> 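Here it is, the structure in full.
Just so we're clear, the structure is a prediction, and the values are computed from it rather than from any experiment. Just so it is clear: chains get the letters A, B, ... in the order the sequence lines come, proteins before strands, and each one is counted from 1.
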Protein chains: 2
Amino acid sequence: MTRKLAKSAISQKRVLDAAAKIFRDYGYAGTTMRTIADEANLKAGSIYYHYKSKDELISAVLDIGMHAVLDTVNSALAALPADADVRQRIETAIRAHLSAIIDIGDYTLATRRVIGQVPEAIRAQNMRLRDSYASLWQTILVDAQKRGEFRADANITLSRLFILGALNWTVEWFKPGGRTIDEVAHEFAAVVLDGLGKPGNTKSEAAPAKARATPRITV
Amino acid sequence: MTRKLAKSAISQKRVLDAAAKIFRDYGYAGTTMRTIADEANLKAGSIYYHYKSKDELISAVLDIGMHAVLDTVNSALAALPADADVRQRIETAIRAHLSAIIDIGDYTLATRRVIGQVPEAIRAQNMRLRDSYASLWQTILVDAQKRGEFRADANITLSRLFILGALNWTVEWFKPGGRTIDEVAHEFAAVVLDGLGKPGNTKSEAAPAKARATPRITV
DNA sequence: TCCAAAACCTAACACTAGTTAGAAAATAAC
DNA sequence: GTTATTTTCTAACTAGTGTTAGGTTTTGGA
């Protein structure tokens, strides 16, 4: 029956690339099949030969975007020597993450930008990947703490959320042509590992955190 | 002429509240005047008695949301004793920021969620406020560094972007009923000031950062 | 009670959305 | 070239968009 499988794959890729770019720029609801079609140099109706709905398109973009981050960070870590210390691991992971969400393509950018506005069903489907990625970081951090290279009282889960949040938000301000990714990654790693405070000046648990006279705002 | 100024303000507020909530849930393009109207218990056409366009609505929401963060953090800092140390200032600012974007209402949430997908003209208008807020943090951090309470080699601008990114991303994972804001703020402040590494183990500038054998990913 | 201003609603406008059926063009094996 | 298959386009449909003009109800002071 199927005598050929043709270059359908080529324009399917073209459509997907266009979709990623447009989703990134206009958000989920703001993206139009006709805009994607323009970008991919065909007509809106033709998209449906490759993808059977807008939701299937965004779904594909999200999967690719998430996998890109996961795979990039994973292989960057795998390429490290076995005896790499925490600082190397953290900075490498940060640099790989930033590279993925900034340089590798529009997929990761689109993913970070639209993940909050996509239909619930699609977001749920993307959750497994997000969880995998979270686990990757959690493992790095927990291991480091077990090996005694982190403060014993550090809350790893909250710290991970803090770090990944900062990394993800980078897409909102990073402009190519300014700072390099290496520069940013190095400074971020410094904050994560050393903090801003002067070494020796740390008194995390001894801080007068509970007995202050400041207003509690709303909470 | 104007014999009364009436409770127009009341339903104007009702419309605005509804708008904030819907914008937060569905994004800019995904939000419908009719959906907002439903939430505010009136018809779509009636919204135009209070606001003359959808853009004016989102604009109002953005302004309020941004002001809420700015004012909350500002007054929390002002309420601190004059001799408050860096740790107190940072933790207070973090707690106030988190309180604002999580508790004070849907406005800040909507602001954080849609700021990237709003028409350029509106985003530009909101920039002044964003810049003011950035300056506030920049001042705190620069002052601390001048007073010698921070590492001298810390890049304040990048650190500020790191911190604010992490704080802003909180809206993506924070669920009321789980961790308290105080808890999160305390741990975040600890990371910012002390880092995750063990005190005394810091070697930020002496780190073998440039001469590693790891792949540079794409960059 | 009256009445003008305020607040809201109805019904529609012009437009655009995602999607589809069927025709047309491009493609590749024979 | 012939022909079956793949790929694209055209043209439309329905549903929903922001917005508006004009009418209706509500409101509160006289």
> Phosphate oxygens OP1/OP2 of dG18(D): is one of them under 4.0 Å from a side-chain N or O of Lys54(B)?
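For dG18(D), OP1/OP2 do have a side-chain N/O of Lys54(B) under 4.0 Å.
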> Polar pairs (N or O, both sides) under 3.5 Å between protein and nucleotides 11-13 of chain D?
| unit_1 | atom_1 | unit_2 | atom_2 | d |
| --- | --- | --- | --- | --- |
| dA12(D) | N6 | Arg34(A) | NH2 | 3.4 |

> Rounded to the nearest Å, what distance is computed from the NZ atom of residue Lys52(A) to the C1' atom of nucleotide dT7(D)?
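Lys52(A) atom NZ is separated from dT7(D) atom C1' by 18 Å.
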> Are any of the side-chain heavy atoms of Leu109(A) and Ile102(A) separated by less than 4.5 Å?
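No, every pair of side-chain atoms sits at 4.5 Å or beyond.
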> Quickly work out the Ile47(B) CD1 to dT20(D) C1' distance and round it to whole Å.
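The answer, rounded to whole Å, is 14 Å.
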> Would you tell me if any nitrogen or oxygen in the side chain of Thr32(B) comes within less than 4.0 Å of OP1 or OP2 on dT17(D)?
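Affirmative; the distance criterion is met.
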> Among dC9(D), dG18(C), dT19(D), find the nucleotide with the atom closest to the side chain of Leu42(A).
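Closest nucleotide to the Leu42(A) side chain: dC9(D).
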> Taking the side chain of Ser46(A) as its heavy atoms from C-beta onward, which of dT8(D), dT19(D), dC8(C) lies nearest to it?
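Ranking dT8(D), dT19(D), dC8(C) by closest atom to the Ser46(A) side chain puts dT8(D) first.
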> Any chance you could lay out the side-chain contact (heavy atoms from CB on, under 4.5 Å) test for Leu196(A) and Ile90(B), step after step, and finish with the verdict?
CA-CA 11 Å; Leu196(A) 287 175; Ile90(B) 299 283; 5.8 Å; no
> At less than 4.0 Å, is any side-chain N or O atom of His50(A) found next to OP1 or OP2 of dT8(D)? Yes or no.
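Answer is yes, contact under 4.0 Å.
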> With the side chain of Arg14(B) defined as its heavy atoms from C-beta on, choose the nearest nucleotide among dC8(C), dT10(C), dT8(D).
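Selected nucleotide (nearest to the side chain): dC8(C).
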> For a quick test of reading the model: is some side-chain N or O of Ser11(B) closer than 4.0 Å to OP1 or OP2 of dC8(C)?
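For dC8(C), OP1 or OP2 has a side-chain N or O of Ser11(B) closer than 4.0 Å.
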> Once you round it to whole Å, what is the distance between P of dA25(C) and CG of Asn41(A)?
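Those two atoms, CG and P, are 19 Å apart.
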> Can you find a heavy atom in the side chain of Thr111(A) that is under 4.5 Å from one in the side chain of Arg24(A)?
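No, their side chains stay 4.5 Å or more apart.
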> Between His67(A) and Tyr133(A), does any side-chain donor sit less than 3.5 Å from a side-chain acceptor?
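No pair is found: no donor N or O on one side chain lies under 3.5 Å from an acceptor on the other.
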> Heavy atoms under 4.0 Å, any strand shown: does Thr35(B) hit a base, just sugar-phosphate, or nothing?
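Here Thr35(B) touches no strand at all.
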> Nearest whole Å is fine: how far is dT10(D) P from Lys43(A) NZ?
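Going from Lys43(A) (NZ) to dT10(D) (P), I get 6 Å.
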> To the nearest Å, give me how far apart OH (Tyr51(B)) and P (dT19(D)) are.
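Going from Tyr51(B) (OH) to dT19(D) (P), I get 15 Å.
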> For Asp17(B), which of Arg14(B), Lys21(B), Lys13(B) qualifies under side chain to side chain donor-acceptor pair (under 3.5 Å)?
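One option only clears the test, and that one is Lys13(B).
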> OP1 or OP2 of dA7(C) versus the side-chain N and O atoms of Tyr49(B): is any pair under 4.0 Å?
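Tyr49(B) to dA7(C) OP1/OP2: side-chain N or O found under 4.0 Å.
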> Select one nucleotide: of dC9(D), dT19(D), dT19(C), the one nearest the side-chain heavy atoms of Ser53(B).
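Among the listed nucleotides, the one closest to the side chain of Ser53(B) is dT19(D).
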> How many angstroms lie between atom OG1 of Thr35(B) and atom OH of Tyr26(B), to the nearest 0.5 angstrom?
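It is 7.0 Å, given to the nearest 0.5 Å.
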> Would you say Tyr28(A) and Asp55(A) are linked by a side-chain donor-acceptor pair, where the criterion is simply a distance under 3.5 Å?
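Looking only at side-chain atoms, Tyr28(A) and Asp55(A) do form a donor-acceptor pair, the distance falling under 3.5 Å.
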> In whole angstrom, what separates Tyr48(A)'s OH from dT8(D)'s C1'?
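Computing the Tyr48(A):OH to dT8(D):C1' distance gives 15 Å.
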> Taking atom types as modelled and ignoring hydrogens, do the side chains of Tyr107(B) and Asp63(B) form a donor-acceptor contact shorter than 3.5 angstrom?
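Judged by distance alone, the side chains do not pair up.
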> How long is the line joining CD1 of Ile36(B) and P of dT19(D), in whole Å?
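Going from Ile36(B) (CD1) to dT19(D) (P), I get 10 Å.
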> Find the distance Asp38(A):CG to dC9(D):P and express it as a whole number of Å.
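It is 11 Å, rounded to the nearest whole Å.
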